[in-house]
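None of these values were measured; they are calculated from a predicted model.
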Amino acid sequence: MPELPHLRIARPTSNLARAAKMYAEGLGLERVGGFEDKDFDGVMLGHKDGAYHLELTQEHGGDAIPSPSPEDLMVFYVPDPKAWLQRCGAMEAAGFKEVEAHNGYWAERGRTFADPDGFRVVIQRDTWPSSGKVEVGESASAASPTPEHSVHAFADDALGTSDATELAHRLRQGELSREEVLEATIARARKVDPKLDAIIEASFSVPVRGGPNSDHAFFAGVPTFIKDMNHVVGMHTRYGSAALHATPPARHNDAVVQEFLDMGMVVMGKSTMPEFGFTCSTEFPTGGQGVEPGGAQAPTRNPWNLGRSVGGSSGGAAALVAAGVVTIAHTADGGGSTRIPAACAGLVGLKATRGRLPHGPMLERQPVEIAIDGVVTRSVRDTARFYAELERSFRHPRLPAIGWVEHASKKRLRIGAFSVSPNGAQIDAATQSTFDATIRLLESLGHRVEPLQDPTHPRMVEDFCNLWSMSGFGVARMGHQMLDPSFDASRLSKFTLGLARDFNKKIHKAPGFLIRLRRSHRAYSEIFRRFDLVVTPTLTHLPPEIGELSMDLEFEELFPKVIRWAGFTPWGNATGGPSISLPMGHDEATNLPVGMCFWADHGQERGLLEIAYELEEAQPWPKITA
């Protein structure tokens with residue numbers, strides 16, 4: 001057969017100029033031609049007299065949206081190690097995002113990058129055939145993780161491995177300057193966020209600080225990020241939604257943001273969240289309708305395993321803390337949105353008792369007060385210190401004080417345990433193993449652990465789902481009045497619109513489920529007449545692969561998946577009770593943390609922090625740097 005004289009590789013794009021620049025810089029190609037047509041334009045990249053050229057095209061009007069599959073890829077073999085590293089660096093510098101390989105073969109000996117339209121380029125370290133151990137067809141997740149599957153920013157810099165408490169101490173003692181800390185934070189963010197996509201808006205050049213009194217507060221100079229649902233002066237509040245892409249910068253700080261600033265924290269930007277926090281994976285619709293003007297928003301990835309979800313809705317906050325960019329970050333929990341990402345990212349995530357923190361504007365409008373702000377941290381003492389400092393300025397009159405919790409209690413506890421999800425979903429093997437090991441650890445420490453039948457109301461899951469749909473209905477119908485005049489309902493995701501449709505069919509049920517949810521706190525408290533605490537898994541299974549909970553899925557497919565995964569956490573939101581997720585296990589096969597959730601009666605966060613201290617000391621959390 002005669003040789004083919006030349007190969008033409010064609011790729012459609014939604015932004016021709018951007019794609020041409022990225023491919024030229026990333027692959028070291030030259031512009032060798034171009035054309036304009038009545039229907040579409042094109043740019044040809046390659047090398048003069050080369051054996052192939054890449055042809056990028058864009059239809060006029062942008063009506064055609066590229067929809068590649070994970071196997072729509074080009075592979076370049078670069079066997080020289082130095083040249084391979086340089087080419088991978090050029091791809092990142094050009095704006096390509098590293099993604100998990102769809103096929104284990106490419107993961108074994110190379111790195112896979114995606115352009116903004118989702119087309120993939122593999123930079124491979126070997127020439128074909130490879131002698132790698134992963135066979136063609138074997139999934140990357142089945143192989144043992146390599147350093148390329150995870151990312152962190154920990155380094156020998158001003159931040160080191162300090163938690164927020166230690167960092168604050170070093171700043172007060174003058175061991176570090178605030179400028180050093182901010183510079184290190186910015187450098188870390190720039191290093192890892194291109195892979196994590198956890199920052200939706202940065203304020204690096206002009207960080208947001210509190211007033212003069214905040215200079216003497218406990219966390220003075222400690223950097224943080226605020227979830228994209230609270231107003232910060234000079235920054236946008238988009239709630240993770242393209243419907244608010246045109247919202248103007250905020251003119252005031254929300255009450256909870258002001259609390260962070262009054263504690264001395266320095267706001268470095270906004271962290272990502274899925275649209276209005278309605279799902280528990282921080283992913284976004286594709287196809288050009290991005291949270292920010294100008295394109296689609298990439299999913300936020302888990303720093304432990306970049307192919308997996310970091311949970312949500314406070315996914316950006318968890319990714320930044322777990323990866324070492326900051327030591328503490330703002331969250332909000334309306335169905336598990338603090339505890340779920342904490343479990344996915346190996347962090348401490350406390351959902352406080354209803355009313356413990358002041359509300360932002362969105363949470364003030366809840367028909368049932370299910371959501372509450374909070375933080376994720378890498379240490380129990382950081383979470384404990386946050387709530388101790390909060391009580392200096394804000395204290396709910398009907399809740400007992402938490403106070404400053406410094407260590408475990410000597411009291412041995414009676415703990416109820418159940419692992420059957422209220423929604424009927426079975427927990428996976430890694431979660432069951434961690435649950436069993438946690439019970440053994442508690443018993444070895446002298447606590448009495450007893451089986452507990454599912455204590456939730458038989459209609460709790462149904463009622464909570466109806467409230468969930470009601471929230472989507474409210475946003476879709478009244479976003480213009482509730483959020484901002486710039487609200488554009490035509491840009492809402494399939495999921496939010498699906499929630500609205502779902503509630504429209506059930507609107508007659510609202511009086512009943514609202515009454516039951518408002519009364520559920522009483523039955524919850526009854527459990528703690530018998531037990532001091534309760535322990536459950538945080539989630540029913542390990543964090544799913546990116547795309548499994550994609551916002552591009554139809555509502556009827558995505559909603560059941562979300563409900564099954566977040567099997568336990570909504571119980572605390574429905575009842576208003578406090579609970580804390582702790583990183584009690586680690587799945588070696590996927591390099592992912594496993595969280596367990598501890599529950600207490602209303603106002604008893606102190607007991608949760610005390611057991612957390614004890615478990616942290618008895619079984620220190622796994623480290624991403626290990």
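From M74, atom CE reaches atom CZ of F113 across 12.5 Å, with rounding to the nearest 0.5 Å. One finds the NE2 atom of H149 at 10.5 Å from the CZ atom of R308 (value rounded to the nearest 0.5 Å). The structure places CZ of F284 at 8.5 Å from CE of M273, a figure rounded to the nearest 0.5 Å. Residue I563 holds its CD1 atom at 11.5 Å from OG1 of T540, rounded to the nearest 0.5 Å. The OG atom of S421 lies 13.5 Å from the CH2 atom of W565; values are rounded to the nearest 0.5 Å. Taken to the nearest 0.5 Å, the CG atom of L483 stands 8.5 Å off from the OG atom of S241.
When the ring-ring contact (aromatic ring centres under 6.0 Å, His included) test is applied to F96, the partners found at least two apart in sequence or on another chain are Y23. Listed by chain and residue number, nothing satisfies the salt bridge (charged side-chain N to carboxylate O under 4.0 Å, His left out) test with K191 (two or more places apart in sequence, or in another chain). Partners of R301 under the salt bridge (charged side-chain N to carboxylate O under 4.0 Å, His left out) rule, at least two apart in sequence or in another chain, do not exist in this structure. In this structure H236 satisfies the ring-ring contact (aromatic ring centres under 6.0 Å, His included) test with no other residue, sequence neighbours excluded. With sequence neighbours left out, K21 forms a salt bridge (charged side-chain N to carboxylate O under 4.0 Å, His left out) with E25. For F487, there are no ring-ring contact (aromatic ring centres under 6.0 Å, His included) partners two or more places apart in sequence or in a different chain.
Side-chain contact between L73 and F119 is absent, with no heavy-atom pair separated by less than 4.5 Å. Taking 4.5 Å as the limit, some side-chain heavy atom of V310 sits within range of a side-chain heavy atom of P303. Looking only at side-chain heavy atoms (C-beta outward), D502 and F473 stay at 4.5 Å or farther from each other. The side-chain heavy atoms of E55 and V43, taken from C-beta on, include no pair separated by under 4.5 Å. Inter-residue side-chain proximity for T327 and R378 is flagged as met; some heavy-atom pair is nearer than 4.5 Å. Contact check for S271 versus L320: side-chain heavy atoms found under the 4.5 Å cut-off.
Of the possible donor and acceptor atoms, none in the side chain of H53 sits under 3.5 Å from a partner among the backbone N and O of L45. Looking only at distances, a side-chain donor or acceptor of T282 sits under 3.5 Å from a matching main-chain atom of G311. Between the side chain of R111 and the backbone N or O of I123 there is no donor-acceptor pair closer than 3.5 Å. Using modelled atom types, one side-chain atom of T300 and one backbone atom of D197 make a donor-acceptor pair closer than 3.5 Å. A donor-acceptor pair under 3.5 Å is formed between the side chain of T224 and the backbone N or O of I328. Here the side chain of R564 pairs no donor or acceptor atom with the backbone of H541 at under 3.5 angstrom. Of the possible donor and acceptor atoms, none in the side chain of Q124 sits under 3.5 Å from a partner among the backbone N and O of V75. Within the 3.5 Å criterion, the main-chain N or O of A430 finds a donor-acceptor partner in the side chain of T434. Judged by distance alone, with hydrogens and angles left aside, the side-chain atoms of T569 form a donor-acceptor pair with the main-chain N or O of G335 at under 3.5 Å. S314 places no side-chain N or O within 3.5 Å of a backbone atom of T331 that could act as its donor or acceptor partner.
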> Under the side chain to side chain donor-acceptor pair (under 3.5 Å) criterion, do H245 and R238 qualify, and how do the steps go?
Replying inline: CA-CA 6 Å; H245 73 284; R238 298 192 177 104; over 6 Å; no
> Would T590 and N305 satisfy side chain to side chain donor-acceptor pair (under 3.5 Å), going step by step from the backbone distance to the final call?
Replying inline: CA-CA 7 Å; T590 57; N305 184 330; 5.4 Å; no
>> side-chain contact (heavy atoms from CB on, under 4.5 Å) for V208 and M268? Distances and angles first, verdict last.
In response: CA-CA 7 Å; V208 181; M268 305 298 293; over 6 Å; no
>> If you apply the rule side-chain contact (heavy atoms from CB on, under 4.5 Å), what do you find for F568 with N423, and how did you get there?
In response: CA-CA 8 Å; F568 298 90; N423 63 27; over 6 Å; no
> Stepwise, does the side-chain contact (heavy atoms from CB on, under 4.5 Å) test hold for F204 with R190?
Replying inline: CA-CA 10 Å; F204 293 165; R190 287 175 172 162; 4.1 Å; yes
> Going through the distances and angles, do H152 and T625 end up as a side-chain contact (heavy atoms from CB on, under 4.5 Å)?
Replying inline: CA-CA 7 Å; H152 68 79; T625 54; 3.6 Å; yes
> Given the rule in the side chain to side chain donor-acceptor pair (under 3.5 Å) test, do E283 and S550 qualify, once you have shown the distances and angles that lead to the verdict?
Replying inline: CA-CA 6 Å; E283 301 182 47; S550 168; 4.9 Å; no
>> Could you walk me through whether T13 and D117 satisfy the side chain to side chain donor-acceptor pair (under 3.5 Å) test, starting with their C-alpha distance in whole Å, then the side-chain angles of each, then the deciding distance to 0.1 Å, before giving a yes or no?
In response: CA-CA 7 Å; T13 177; D117 292 314; 3.0 Å; yes
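Aromatic pair W621/H586: ring centres not closer than 6.0 Å.
Ion pairing of D552 with K494 is absent here, as no side-chain N (NZ or NE/NH1/NH2) approaches a carboxylate O to less than 4.0 Å. Using a 4.0 Å cut-off between charged nitrogen and carboxylate oxygen, K97 and D115 do not count as a salt-bridge pair. Comment: K195 engages E92 in a salt bridge, judged by a side-chain N to carboxylate O separation of less than 4.0 angstrom.
Summarising the local packing, CD of E556 is surrounded by more than 12 heavy atoms from other residues, nucleotides or ligands at distances under 6.0 Å.
Shown are V192, T272, D193; of these, the side-chain contact (heavy atoms from CB on, under 4.5 Å) with I199 is made only by D193. Checking P341, S281, S337, C280 one by one against S313, the side-chain contact (heavy atoms from CB on, under 4.5 Å) holds for a single residue, S337.
A pairwise comparison of heavy atoms in P248 and D484 identifies CD-OD2, 3.7 Å as the closest pair. Annotation for S309 and P543: closest pair O-CB, 3.3 Å, computed over non-hydrogen atoms. When all heavy atoms of F555 and R501 are compared, the closest pair comes out as CB-NH2, 4.1 Å.
Between W468 and F559, the angle of the ring planes goes over 60°, which puts this pair in the perpendicular group of the 30/60° scheme.
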